[in-house]
Amino acid sequence: MAHAPELWDFWIDRGGTFTDVVGRAPDGALTPLKLLSENPEAYDDAAIEGIRRLLGGTIDAARIGTVKMGTTVATNALLERKGDPTILLITKGFRDALRIAYQARPDIFAKEIILPEQLYDRVIEVEERLRADGGIELALKDEGVLAPLAQAKADGIDAVAIVLMHAWKNPEHEAALAALVRGMGFAQVSVSHEVSPLVKLVGRGDTTVVDAYLSPILRRYVARVADALGATPAGEPGPTLQFMMSSGGMTAAEKFQGKDAILSGPAGGVVGMVETAADADFSRVIGFDMGGTSTDVAHFAGDYERAFDTEVAGVRIRAPMMRIHTVAAGGGSILHAEPGRFRVGPDSAGANPGPACYRRGGPLTVTDANVMLGKLRPEFFPRVFGPDQDAALDAEVVRARFVSIAEAEGKSPEEVAEGFLTIAIENMANAIKKISVQRGYDVTKYLLNAFGGAAGQHACLVADSLGMEAVLIHPLSGLLSAYGIGRATVSASRQQALVQPLDAESLNAIEALATDLRGAVSSELSEQGVDPGAATIVTRLHLRYAGTDTALPVLWAGDATAARSEFETAHKAQFGFVSLDKPVTVETVEVEMTEPARATDAVSKIQ
């Protein structure tokens, strides 16, 4: 949707500690605003409050054009296990498949294996079975699920995840079961062949359960924001509400799903880091996004890097997500002075109570260390603290706390604060090494694009630690995730498993599936007011050597030889070898369509 000259647009990133709002006025001027994400004494929702303030105190739908948002609502619900109660319907005999999963042991020497808490509350086994080729081994018998479903409905459970064996190949049983469940009145029904039509029961199952578990919470939040703004569907008069997906594209509010929301805010930061680096003529960039709760780092060398198999909070998710590495070292990371050692994080003070200097009785944090060292000056920081939200940072209580630690350690308070900062810097530098040096990239030849509320205080120290020579701090670096959300465009993608050899005989099957996926993606864009004819179309194959497990994405232009060559180049770079005589399997076909960027999305004037 083009920017209407008489309307305000808003780009919002609702983070764990702060909510960043960038308002674009009718004359193109950009006005930034930063609010605490949780401030119950002052407002109910930070995003709505930010819009209200920038509009002069009243939300007037007639003055709002497009509102683009990224939110941590789904992420927080997943981390804290506060999603909706969910039922899992799964093929008989596989009730524990998602709990057992791949029996991975991240801590190989741990004597007690603590499994992540499962997202589903109940399991109902379904009498049916499909063979690996999609043939029916045992026809669906749905009589046995009626009573347990009715009981669950009576107990207040309203979300259902349906995951049947080999349904990616033949969705007949899942479709019939979904119709039955929806007919019983369940509000949220996530079906694996719709959510993630890919091979591997565990990944497909976990993704479907996550979608059922989180989508109701998202739907309620989206409805609350839409009601407050008076939002309408794309193409209709009134404000348009869009949300950032984990893949880095925007989607209409009504199409925002749980599985696509896990990295909603951080994905905006990746888009922002790439766009601002390109504006400054840098093509290789490391993103360093240090916020209040954590630090996100990302790598870009010409193409957005996405992961399709991601584990978040112990749950495997098979959906396109920006490849972002996160460490628990943010401005709010708590400083622990333990006998014999200092430690930073992983726990965070969050927005409430926040760091000690926030006047809410919080603990010492990385932010307080910067106050102690004079890197954060209370006279230059917004006066938004205290009961009346008009007081400056409290430097006195910070010094008193550091003096207490310094006396016990026999050091000066400045030395103690410097020691804590050194630990935090090393944590962040190691995170950048993990996405660059450990994957064969020479990080010294990259730009470090520092953004997030706390990155500017630490960017040069991190760059020195890594031997990087170029650092970019954009005028909107403190709100770059919100700005990136504003620069992002509507996109849609589909993935479908194929599992056929990459050879001349499979070309027709590849093209037929790609054509079907293009049709589905084109329809989704059309429903959001985007002309598919003007959109950029990218088709990818996810290839792996036959008998192996890890598929790598390559561009597909109809040439099997070129696709194999690109796959082997990527395989050599990632694994260090190729097997020239081994057949290659097409595991998945992917199609992505993206709305063209608009010149009006660039920065014009910053207030």
Side-chain angles (χ1 to χ4, degrees), residues 10-22 32-54 59 67 69-83 214 217-229 243-244 261-266 268-269 289-296 313 326 328-334 345-368 381-394 452-454 478-479 481-482 485:
F10 296 96
W11 310 332
I12 303 170
D13 172 34
R14 189 186 188 282
T17 306
F18 286 103
T19 291
D20 299 335
V21 184
V22 176
L33 177 65
K34 190 178 284 282
L35 299 168
L36 289 171
S37 292
E38 299 290 341
N39 194 352
E41 298 94 344
Y43 43 78
D44 293 329
D45 184 85
I48 296 170
E49 176 67 11
I51 294 174
R52 186 186 67 77
R53 291 188 186 184
L54 290 180
I59 292 181
V67 177
M69 285 188 65
T71 176
T72 58
V73 168
T75 314
N76 293 342
L78 181 60
L79 293 172
E80 299 168 10
R81 295 298 195 261
K82 292 183 178 178
L214 297 179
I217 283 185
L218 275 180
R219 193 160 50 240
R220 289 193 289 271
Y221 181 73
V222 168
R224 192 171 79 197
V225 174
D227 288 347
L229 301 177
F243 280 86
M244 169 64 82
I262 305 301
L263 296 181
S264 176
D289 177 6
M290 185 176 180
T293 307
S294 62
T295 294
D296 296 327
T326 303
S333 292
I334 296 175
D347 45 345
S348 171
N352 191 8
C357 59
Y358 278 19
R359 299 181 182 271
R360 286 171 174 260
L364 280 179
T365 67
V366 171
T367 296
D368 296 309
F381 208 82
R383 301 177 68 90
V384 294
F385 304 101
D388 297 322
Q389 300 178 65
D390 58 358
L393 292 173
D394 189 346
L479 307 91
S481 289
I485 288 169

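If you read the sequence from its start, that first residue is 1, and numbering goes on from there. Source: prediction; values computed, not measured.
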Working to the nearest 0.5 Å, report the span between CG of Asp45 and CD of Glu38.
8.5 Å

Are any of the side-chain heavy atoms of Asn39 and Glu49 separated by less than 4.5 Å?
no

Tell me whether the rings of Tyr358 and Phe18 are parallel (<30°), tilted (30 to 60°) or perpendicular (>60°).
perpendicular

Closest non-hydrogen atom pair, Thr367 against Gly332
OG1-N, 4.3 Å

Looking only at heavy atoms, what is the nearest atom pair of Leu35 and Ala46, with distance?
CD1-O, 3.5 Å

More than 12 heavy atoms of other residues, nucleotides or ligands under 6.0 Å from CG of Asp390: yes or no?
yes

Kindly say whether Cys357 contributes a backbone atom to a donor-acceptor pair with the side chain of Asp368 at under 3.5 angstrom?
yes

Ignoring hydrogens and angles, tell me if any N or O in the side chain of Ser264 forms a donor-acceptor pair with the backbone of Thr72 under 3.5 Å.
no

Does Gly268 offer a backbone N or O that forms a donor-acceptor pair with the side chain of Ser481 under 3.5 Å?
no

Side-chain touch Ile12/Ile51, heavy atoms, less than 4.5 angstrom:
yes

Gly361 and Pro353: which non-hydrogen atoms are nearest, and at how many Å?
C-CB, 4.5 Å

In terms of heavy-atom contacts, Ile217 and Lys82 come closest through CD1-O, 3.0 Å

Test item: Asp296 side-chain N/O and Pro266 main-chain N/O as donor-acceptor pair under 3.5 Å:
no

Could you check whether any side-chain N or O of Thr365 sits under 3.5 Å from a backbone N or O of Gly331, counting only pairs where one atom can act as donor and the other as acceptor?
yes

Is there a donor-acceptor contact under 3.5 Å from the side chain of Thr75 to the main chain of Ile262?
yes

Return the CD1 to CZ distance between Ile485 and Arg14, rounded to the nearest 0.5 Å.
12.5 Å

Less than 4.5 Å apart, any side-chain heavy atom of Ile59 and any of Arg52?
yes

With rounding to the nearest 0.5 angstrom, report the OG to CG distance, Ser37 to Asp20.
8.0 Å

With heavy-atom distances below 4.5 Å as the criterion, would you say the side chains of Leu36 and Phe385 are in contact?
no

Under 3.5 Å: donor-acceptor pair, side chain of Lys34, backbone of Gly478:
yes

Starting at CG of Asp13, measure out to OG1 of Thr19 and round the result to the nearest 0.5 Å.
7.5 Å

Going by heavy atoms in the side chains, are Ile48 and Tyr43 under 4.5 Å from each other?
no

Are the side chain of Asp227 and the backbone of Arg224 linked by a donor-acceptor contact shorter than 3.5 Å?
no

Shortest non-hydrogen separation from Val21 to Gly50 and the atoms involved
CG2-CA, 4.2 Å

Minimal non-hydrogen separation, Pro363 against Gly354, with atom names:
CD-O, 3.7 Å

Could you tell me whether the side chain of Leu218 reaches within less than 4.5 Å of the side chain of Phe243, counting heavy atoms only?
no

